[in-house]
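See below for the structure under consideration.
Residue numbers begin at 1 in each chain, while the letters A, B, ... track the order of the sequences.
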Amino acid sequence: MSSIPLSQQASARPRASADPAYLDGLNPEQRKAVETTEGPVLVLAGAGTGKTRVLTTRLAHILATGKAWPSQILAVTFTNKAAREMKHRVGSIIGEAVEGLPWLGTFHSISAQILRRHAELVGLKQSFTILDTDDQLRLIKQILEAENIDAKRWTPRYFASLVDGWKNRAMTPDRIPEEDKWKFADGKAGDLYKLYQERLSVLNACDFGDLLLHCITVFQENADVLADFHRKFRYVLVDEYQDTNVAQYLWLRLLARGSNNLCCVGDDDQSIYGWRGAEVDNILRFETDFPGAAVIRLERNYRSTGNILAAASGLITANKARLGKTLWTEDDPGEKVQVSGLWDGEAEARFVADEIESHVRKGGKHDDIAVLVRASWQMRAFEDRFIMLGLPYKVIGGPRFFERAEIRDALAYLRLVRSEADDLAFERVINTPKRGIGDTSVQKIALTARSAQVSMAEAARLMTQTDEIRGKARTGLIAFLKDLDRWREQAEAMRHDELAEVILDDSGYTAMWREDKSPQAAGRLDNLKELVRSMGEFDTLESFLEHIALVTDADRMEDGDEISIMTLHAAKGLEFPLVFLPGWEETVFPSQRSMDEGGTAALEEERRLAYVGITRARERAVITFTANRMIFGRWQNVIPSRFVDELPPDNCEAKSETGYYDAGPGFEGVSEPSDPFRSSYESPGWKRFQASKAAGRRADPGVIDGKAQLIESGDASSVGGQSKWKPGDRVFHQKFGYGVVKVTDGAKLTVAFDKAGVKKVVASFVGEAP
DNA sequence: TGGGGGCACCTTTTT
DNA sequence: GGTGCCCCCA
């Protein structure tokens, strides 16, 4: 870091006007947001109003005017990518001197930093591990098993979501509301939560929510520690304030109380994390929470064309709960937002790919383009199509690199070598690859460990001295423990990426995948190589593990001329010249599931998501919907999203030239796919389209030959003691195809399915009378 | 102990 | 279409 004070660096630059260069080109509101540095400030920044610019300039301004050193600024973003971006942009304004903005990061990464220093205050060791969702679920499963709770009726997943909810609201086990205790296992929720926290403590681990919650505890119970941070942080900045939850709010309030120089930037119309406990209320309440707060509104949009902005604004007015603002732009109206109806998902992907090809033909680039979906399962169709046409793309989000089984296995080995007490890691790799140590043996080890109050590895060591475990399991166990010892010795002398390679080879893990003949095996081996490579970028194993615990795939976004496929959530904060918004159908978007859970509030959040989607576009937005959608392997008729109807007609153009749907004005008529030379007419969707057209039907769910009845797995075979089916009945099953009922035997039903021309009994259905 | 067949349930969205 | 669980057999 340069030793020249930043103020001098900035003022040393020759300037024509009295203002520093970084203030050039800011509009009056933006400038006010930059220069109002003292006291609480709320910046209500609509989409595309230069929010990031304001934030970075403000940071630069504070540094350049010598109000604070980089280490005295706490700046919180929602993603690591946003943090990096901000660091980079501040750097380019100010010179290189900002490498050391040590307190710029996400809520979670900053919390982890704080907690590493003060872990002992919440009963953890400095070396605590951060559990990911998978570890967390396995831990919960173990607890439920130990407590004899039926994991079928009360799923670990649901319990995890409850815990998450409590932690989002900053509730420790002793503070949860009485009624919440009855949300799980007949009133045992509170006790289980307590048990869970105790287990975490024993494992010297914490989950994601704990990072924040423990910090809050540290601040609340240790006035001296908090006072230290107050002295340290002269300025506090928060991005995406609309998405903060109660815990984050408390965390912020505790830290900002020192200087009172708190600046929050957000947009209530872009609050899309309600399901994660975000409270739009935080932003609506800001002036009450921080008396004397300056409120600055940024309403001039610099990003999108007039039509795009108008379409998004028109849509969002359907929401009741909002502060309300009027975004405006001086840009020309540009193209209207295009709305297209397609036959099915395949046609939709074909259509989008065709549009992309024509964009590129006209000189556009692939990385101008984003495909923004509601849920990750929708990505697949686009990937398939892009691969087929050789279009370069990247998926952001989706199954994450560090959550893949092979990566997690490899990491478990490393964790175990680093700390033998890591029971979760021990259980994960004890029999991967197979060492003949089955469930029974693992259970025995776990039992011994529990009663002797030692780690499982320790217990296993003890048990090799006795004859509790015999035969193959014993040999395997002894060899494994010996390996562990050796690796631990080697770890002293070796770089951690070398160590990883050694472990993966010695343990037989690499060999396991090399011998695996399944098509995914090669990819897994590649992933392991990539893991070892990326480990090399870190100085220590610790820093690497910390990194992967806190970083998501969205943060690993690389540059390159590629189309981006991502969820709407992941697209927050990004912009693209051309944006595709597929899947605008009821039940898909707005998501049925979210509406079932959250009612009107959820619907409004879905609408904000639509708003975020449209406003990502600079020049052109294309919305599509289909008539038939494959959901959970089953064809469904779907209708256009209500959001399609809510779009202001003047700014949109309905183009239903491809595919077919009859959904009112603008969408009537049947037509054929646009580009017969590129399209696969043998696709199921196309066949159904043809069949349906011939039959004069409007939309065909894939109904069968007129005689067969639809049968489902688990279909009730007897109703009121009387079988619903009789031998000889013709049936159709979505997975197995056509079939004939052979035997109805009480609760069991045997069907012979005729698949690929071969008669074969492939299933019997068991059902209960209603 | 481990593999294979047969099935149920499934999925939002992420730090 | 994919996964994870249960049950049965070698």
Side-chain angles (χ1 to χ4, degrees), chain A residues 76-83 105-112 130 132-133 137 141 151-152 155-157 161 164 167-168 207-212 240 243-245 247-248 272-278 372-381 384 396-400 403 405 431 434-442 470-473 476 520 549-555 566-572 583 587-598 602 605-606 608-609 612-613 630-635 712-715 733-736 748 750 761-767:
Chain A
V76 194
T77 59
F78 251 74
T79 61
N80 293 289
K81 188 174 159 283
T106 61
F107 276 105
H108 291 86
S109 68
I110 293 172
S111 292
I130 302 166
D132 62 18
T133 323
L137 285 178
K141 209 183 257 176
K152 278 261 166 57
T155 65
R157 226 190 150 72
S161 76
D164 207 46
K167 290 184 177 174
N168 284 337
D207 64 20
F208 249 88
D210 280 340
L211 290 174
L212 276 137
E240 310 282 9
D243 285 327
T244 50
N245 58 38
Q248 290 162 334
I272 54 176
Y273 283 96
W275 52 275
R276 216 173 73 192
L372 308 182
V373 297
R374 176 61 181 82
S376 35
W377 58 262
Q378 296 170 265
M379 294 177 177
R380 192 194 187 84
D384 286 352
I396 296 156
R400 303 189 196 179
E403 283 171 15
N431 203 28
K434 301 267 180 294
R435 298 190 176 89
I437 308 163
D439 284 346
T440 330
S441 305
V442 174
R470 275 181 294 257
K472 241 190 336 189
Q520 299 97 335
L550 296 171
V551 155
T552 64
D553 255 19
D555 301 320
M566 64 182 111
T567 62
L568 287 159
H569 284 89
K572 190 163 87 156
T587 74
V588 175
F589 188 40
S591 142
Q592 190 57 50
R593 167 112 184 206
S594 105
M595 306 217 321
D596 288 347
E597 274 168 30
E605 181 153 315
E606 295 283 307
R608 288 194 292 270
L609 209 44
V612 167
M630 171 92 97
I631 299 170
F632 297 146
R634 176 159 308 161
W635 283 103
E712 296 180 7
S713 292
D715 207 350
H733 186 278
Q734 291 284 357
K735 192 162 170 181
F736 304 117
K748 269 203 170 176
T750 307
V761 178
V762 291
S764 53
F765 295 93
V766 182

Exercise. Nearest nucleotide by nearest heavy atom, which residue falls closer to the 5' end of DNA chain B, A:Ser591 or A:Ile437?
Worked result: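 Final value for this comparison: A:Ile437.
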Exercise. For A:Asp164 and A:Gly436, take the nucleotide of DNA chain B holding the closest heavy atom to each; which residue's nucleotide lies nearer the 5' end?
Worked result: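 Looking at DNA chain B, the more 5' nearest nucleotide goes with A:Gly436.
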Is [X] touching bases, backbone alone, or none of the nucleic acid, heavy atoms closer than 4.0 Å?
{"X": "A:Thr106", "value": "sugar-phosphate"}
{"X": "A:Phe107", "value": "nothing"}
{"X": "A:Thr440", "value": "sugar-phosphate"}
{"X": "A:Asn431", "value": "sugar-phosphate"}
{"X": "A:Ser109", "value": "nothing"}

Would you mind reading off the distance between [X] atom [atom1] and [N] atom [atom2], rounded to a whole angstrom?
{"X": "A:Phe78", "N": "B:dT15", "atom1": "CZ", "atom2": "C1'", "value": "8 Å"}
{"X": "A:Gln378", "N": "C:dG2", "atom1": "CD", "atom2": "C1'", "value": "17 Å"}
{"X": "A:Gln248", "N": "B:dT15", "atom1": "CD", "atom2": "C1'", "value": "8 Å"}
{"X": "A:Lys572", "N": "B:dT15", "atom1": "NZ", "atom2": "P", "value": "10 Å"}
{"X": "A:Leu211", "N": "B:dT14", "atom1": "CG", "atom2": "C1'", "value": "14 Å"}
{"X": "A:Arg593", "N": "B:dT12", "atom1": "CZ", "atom2": "P", "value": "3 Å"}
{"X": "A:Tyr273", "N": "B:dT14", "atom1": "OH", "atom2": "C1'", "value": "5 Å"}
{"X": "A:Asn80", "N": "B:dT15", "atom1": "CG", "atom2": "C1'", "value": "9 Å"}

For this session: Could you give the distance separating C:dG4 and B:dT13 at their P atoms, to the nearest angstrom?
Result: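 Going atom to atom, P in each nucleotide, I get 16 Å.
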Exercise. Taking atom C1' in both B:dT11 and C:dC6, what distance in whole Å separates the two?
Worked result: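 Roughly 22 Å separates the two C1' atoms.
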Kindly point out which of [options] is positioned nearest to the side chain of [X]?
{"X": "A:Ala570", "options": "B:dT14, B:dT15, B:dT12", "result": "B:dT14"}
{"X": "A:Arg374", "options": "B:dT14, B:dT12, C:dC5", "result": "B:dT12"}
{"X": "A:Ala473", "options": "C:dC5, B:dT13, B:dT1", "result": "B:dT1"}
{"X": "A:Ala375", "options": "B:dT15, B:dG3, B:dT13", "result": "B:dT13"}

Mind checking whether [X] and [Y] have side chains closer than 4.5 Å, heavy atoms only?
{"X": "A:Tyr273", "Y": "A:Glu240", "answer": "no"}
{"X": "A:Val612", "Y": "A:Ile272", "answer": "yes"}
{"X": "A:Leu212", "Y": "A:Lys167", "answer": "no"}

For this session: For A:Ile130 and A:Ala549, work out which heavy atoms get closest and say how close.
Result: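 Closest approach of A:Ile130 to A:Ala549: CB-CB, 3.9 Å.
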Exercise. Think A:Thr567 has a side-chain N or O under 4.0 angstrom from the OP1 or OP2 of B:dT14?
Worked result: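 True: A:Thr567 side-chain N/O within range (under 4.0 Å) of B:dT14 OP1/OP2.
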Exercise. Under 5.5 Å between ring centres and under 30° between planes: does that hold for A:Trp275 against the base of B:dT13?
Worked result: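 Here A:Trp275 meets both the 5.5 Å and the 30° conditions.
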Exercise. How many angstroms lie between atom NE2 of A:His569 and atom CZ of A:Arg374, to the nearest 0.5 angstrom?
Worked result: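 Going from the NE2 atom of A:His569 to the CZ atom of A:Arg374 covers 5.5 Å.
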Exercise. Do A:Glu606 side-chain atoms and A:Ser594 backbone N/O form a donor-acceptor pair below 3.5 Å?
Worked result: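 It does not hold such a pair.
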